[in-house]
Every structure is written in structure tokens, then in C-alpha cells.
Amino acid sequence: MWYLGETHTRGGRCAPLSSCCLFFHRDDRFRRLWGDGSIKSMSVRVRFAPSPTGNVHIGNIRAAIFNWLFARHEGGAFLLRVEDTDLERSTDEAKATLREAMAWLKLDVDGEVMYQSQRREAHLAAAEQLKAAGAAYTLQRGKDEEAALFFQIPWTIEAYETVGPASLDVHPAVPVTISRGGIQYAVLSKKGKPVDESGCLAGFKGLRLLDSTGECLYALEPSLEAVQAGQADFTVEKVVRMEFEQRQVVFDDLVKGRMTKPLDGIKDLVILRSNGSPVFHLANVCDDAAQAITHIIRGDDHVENTFRHIALYHALGVTPPAYAHLPMIVNAQGKPYSKRDGDAYVGDFQAQGFDPEALFNYLTLLGWAPGDDREKLSRDELVAAFTLDRVRSAPSQMDLRKLAHLNGQYLAELPLETFMPAARAALAQQEWGREVDEALFRSVCALLQSRTQVYPDVATWCYFFSDELTYDPKGVRKFLQREGIGQALAALRERLADESFEAAAIEATIRAVEIEHEVPEGKLNQSIRVAVTATTIGAGLYETMELLGRERVLTRLDYAVEALCTRDE
RNA sequence: GCGCCCAUCGUCUAUCGGUUAGGACUCCAGGUUUUCAUCCUGGCAAGAGGGGUUCGACUCCCCUUGGGCGUGCCA
């Protein structure tokens, strides 16, 4: 538990968020661990917090998988929070899709599911708390509009560290403004044009504005309290240079290592829209605190948010959780999956007949590896091996062929009773596969399961169930249109007509025909295969013929001799 | 533009200063299977470029290039 000790000592300080305790008391797990209000265990609590949009993105589910794996490895809790504040998209159907995807991959959730839409009061209370503490202020955008509530990046918190003295050349034509909302100024572009910049007040500790002679036009410190309180603001003209003590926000990411971001590059953020609704940042932080999340494991598109979220935690009086940012999964072009990319949703993989365990296993291998040469790992092995320090920080792209290969290994191990229904469903996609003989189907499954990579491969089983065959032209040319083949097959047909039609007997018959017709041993097999199955690949020939049955084999041999073989005698 | 992050075979990855840079997928060749597939053996294939630090660098540092993310009263 190397990362728990120092970086994360949650002191059970959820007190400022009154509503969170309400939530906890409904959570049996919490009651068990911390029922008397004291901390007995530093149990890991992670969460998956998707927006239910009707589709679960593959990158999202990978984040869920890593969270789940981490929780199970640590013996902690894996929680689900449905961020359903977008009422238009968050339909019951979308939520059901989400739960189905998770159930399919066996991502079992601990405790009660939290629905963010029901947390509005808590979010508003948190906003109110910040406002009362002077950590938030209202600001009007337009004259006629209602004011939005901004979170003021705190002046000091323990997550800041000093970088050192900094100076910035400023465009003198654009005045520098100092207000509760931060510092606004313009720097010079390469061509000398003004480029607007702004940052929060806290980013400019010890700020001094200098003119071209080096004289100090304004110093922040004397009026700091008045500015912070919104009782004073300043506009300073002809500033050429700003000097200040640069500070940065720091956190130790469990996969990316030490992360820093200069405070002067961070802006105050809206937490309550002018219509009064809470924004993502507030809701997210608030709920993570309420669920007592200890580790946030999410996509690295959130790293920038983290710096501001940490400030929010501190302002709310809550110790921030530990963070682990996962690399993105990109498409075959190396670009992030967009909504237009097909095959990027969990449901698609399910529909395409991938085995959930195979997909689960494959997804763990994207951005993570156990460190030895194992690739096919069972759930238990994955849980045992999974640690965040082995997560890579470079993006990775999916390789469908490798997934298919892995899938094949999983399918081969499935009990026949599990394999059959799925194979049946795939077979039903084919016209000839809707109604098949049950006994034959079972036998064919038994014969071909081990060589099925993905369920749609069952389309190649056509020759067992249908007589409308499409002969592989290459196979016909290579194995049927050869001198003497027609005669040999014709002879075989005669002998098969009245001998036992069991695999071993069939094999013996074939060998005998080969000898009679002076065909090298085994060389007739592929010709027979093409004649009776129309393809060059398949299972063992003798078993295949036995399953096909005498009638079909004889008919097809007749057809091959008549229509496909070279007539050269 | 600025900020943050990333960089080993085509792809997924191993390597935590000293290796003939290993494995897997794909592809190719051979073997086993008197057939097909599996399987086995072998092969093709990588440290983006340039500077440092060091006896020694894929590994640490800097620069460049390339890519991603962020820069919303989206999440």
C-alpha cells in the first residue's frame, strides 16, 4: 500500500458536505467500516462515473475495468456513479445500456449506485458553503443576465509550491486589469501583436506592474484583501512588464508521476451557471467527496481539470484523493475515437460476437502489462497482478486481429453448452442457418468450436447445413482440375456407397482408392475436401464427412466429378 | 498562441544505466498432422532526430520534430 500512507490520509472529513453523511448511512459498506464515525480502515474506494448516453465507449469501459481491477486487487470498493445531469440524453434506456455493458463484462458494483441528478441539493449546498467562506463570487456576464457563481482559486493551499520569481513582457497598449476575477493582460506575439491572457489572482503573488522606465505602477499586495473581497479593482495603463512570484499546483499522479501546472495559467471557474445549475467540476468533486473516493482513476483527458479540482477540494475542506490518469485508446489511424468511429462501443463488440472475458482480458493489455510474458490471464490472475504503477502513459490503439486471436483462445475453452447458444445466434444471421437440425448442429459445434476465432466465423459452416455451395475457385483449380482426380473421386464415390460411413472406415476407403489410382498417400484428401465442402480449410476430413452423412457426400462427389473435375480421359 | 502530457518492431508490450533490445498479434518459410486447423521450429521487423551527463544510455537531462489533451456558463 505504498501510495496510501502519505499522499492520502483521508481524515473522514466529510463534515462540510452535510449531505454526504446522508449518503453514507445508506451504504452498508460504509457502516461496516466507519459506522461509529471513526476511521478503522484505509480501505480503497474507487468509482466509475460515466454519463449515460446510450452507448458505452470502449475507452470508458477500459477506465471502468482498471478501476474495478484496482479495487479488487486492493480489497476495496468499486462504486458506480451515474452522471445523469444531462436529462435529455440520460434516458432510462441509456442507463439500462450502461448497466448491461457492465454486467456483460462482470464489473460488479459495490454499495448503492449514486445518481448525480439526485444530488443537486448537495451541489448547491457546497456552492453555498464556498460562497459563505468567501471562496466564490458572483459575476455577471451581460447586463441583463443573471450572475454565475465563480470559484476563486484559493490564495494558499498545501498543494501549491513556489517556482520562483517570474516576469512577463506585456503589451503596453492593452491595460492590465486586476479584480476579484483575476488578472487580465496581453502579452506580445512573435509579430508584436497583443495576445490576451488571464489568470487567477493567486497566480500572481507579489505582483508588480512596471512601466518602460522600470518604475512600479502598481503592487498587488497592499490592496490584496480588498481585491479578493471584490471591494476594489484596478486598471493600469502603459504596463510593459509584470513581475511576480510564480507558484504551481502539484500532485503526484499514480501513473504519470509528479504533475505541475503554473497557477498563473489557471483561471477561476464557473461552478453555478447563471441559471443556477451546477457545472461538472462542482458536481464531480462534490460527489467524489461524498462517496469518499480515495483514488480517481480516469482518462488523461482530465489531467488539466485535476489542478483545479484539487483547489476545489481544499476550499471545501476535503483532502483530495489520489489520482491515476490513464492513456487514451486511439483508433487505427492513431487518432482518438470520435463518435463517428464504428466498433468503438462495448455493445458493438458484444454484437460482433466477442467473448466478454476475452474483451476484458484484451482491454487490460491496452496500457498495462503484467511485466512477464503472460498475455492470456484469468480474472483472478489479473486481479492479483494489477497495479497502477505498471500502467503506461502513452496512448495505445486497438488491434482487432489480436483481439480476435485472444477471443479464439477463449472460445476454445468454453463449455460446449455455453458455446452453442452463441454459435446458434451467429448462425441465425445466415439464411441457411435459421433452422438447423439440433443434433447435427451440436456435432458441428463440437467439431469446430476449437477453431472458431469469433462467432461470425460460423458463416463458414455453410456446407454442413446447406446444399447451395460456393466453390472456392482456387481450390477447384488446384485440387479438382488435375489429371486423374475425377476418376479417383468417382471410384471413391462407388466404394463409399455401400461401406460403413464412420470416420475410420472412410479413411481406410480413401487410402485404398489412393493405392488403386496411384495417388500418393494423403494427396487425395484436399480434393475430396473441396468436392464435399467447397473449401480448402475445415476440420478433420474424415470426421467432417461422417457428419455430412453418406447422402450429401455422394451427391457432392457426383457433382464434382460431373461439373468440376477436368474431363481429360 | 500559451499550458500540460506522450514517444521501443506495422500493432500491443518487456526493459526500472551494462541484454545478440525479449514476448505476443500479423505476415513468410519449414516441420508435425498420411488431410485441414491447432501445434512446434525458424524468419522479417523497433529505441523519431540532435546535443549533453556517464567508463557505459532505449533507460537520466536539454533542445528539435511529431502526436494527444486542455485553454467553455460541455462533460
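Within every chain, numbering begins at 1; the chains are lettered A, B, ... in the order of the sequence lines, protein sequences first and strands thereafter.
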[X] side-chain proximity, nearest of [options]:
X	options	answer
R392(A)	U8(B), C36(B), C12(B)	U8(B)
I537(A)	C4(B), C25(B), C36(B)	C36(B)
Q526(A)	U71(B), A75(B), U35(B)	U35(B)
K256(A)	A75(B), C4(B), C6(B)	C6(B)

Within the 4.0 Å heavy-atom criterion, would you say [X] contacts the bases, only the backbone, or no part of the nucleic acid?
X	result
T260(A)	sugar-phosphate
A148(A)	base
H325(A)	nothing
S450(A)	nothing
E507(A)	base
A539(A)	base

Can a donor-acceptor pair under 3.5 Å be found between the side-chain atoms of [X] and the base atoms of [N]?
X	N	result
R401(A)	U26(B)	no
T536(A)	C36(B)	no
K402(A)	C12(B)	yes

- Item | Distance in angstrom units between L263(A) CG and U71(B) C1', rounded |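 That distance rounds to 16 Å.
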- Distance in angstrom units between D196(A) CG and G1(B) P, rounded: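 The distance from CG of D196(A) to P of G1(B) comes to 16 Å, rounded to the nearest Å.
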Between the protein and nucleotides 41-49 of chain B, which nitrogen or oxygen pairs come in under 3.5 angstrom?
none

- Tell me, yes or no, whether the heavy-atom count around K523(A) atom NZ, taken from other residues, nucleotides or ligands under 6.0 Å, exceeds 12.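 Not more than 12 within 6.0 Å, no.
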- Item | U13(B) OP1/OP2 closer than 4.0 Å to side-chain N/O of S396(A) |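 Yes, because at least one side-chain N or O of S396(A) sits under 4.0 Å from OP1 or OP2 of U13(B).
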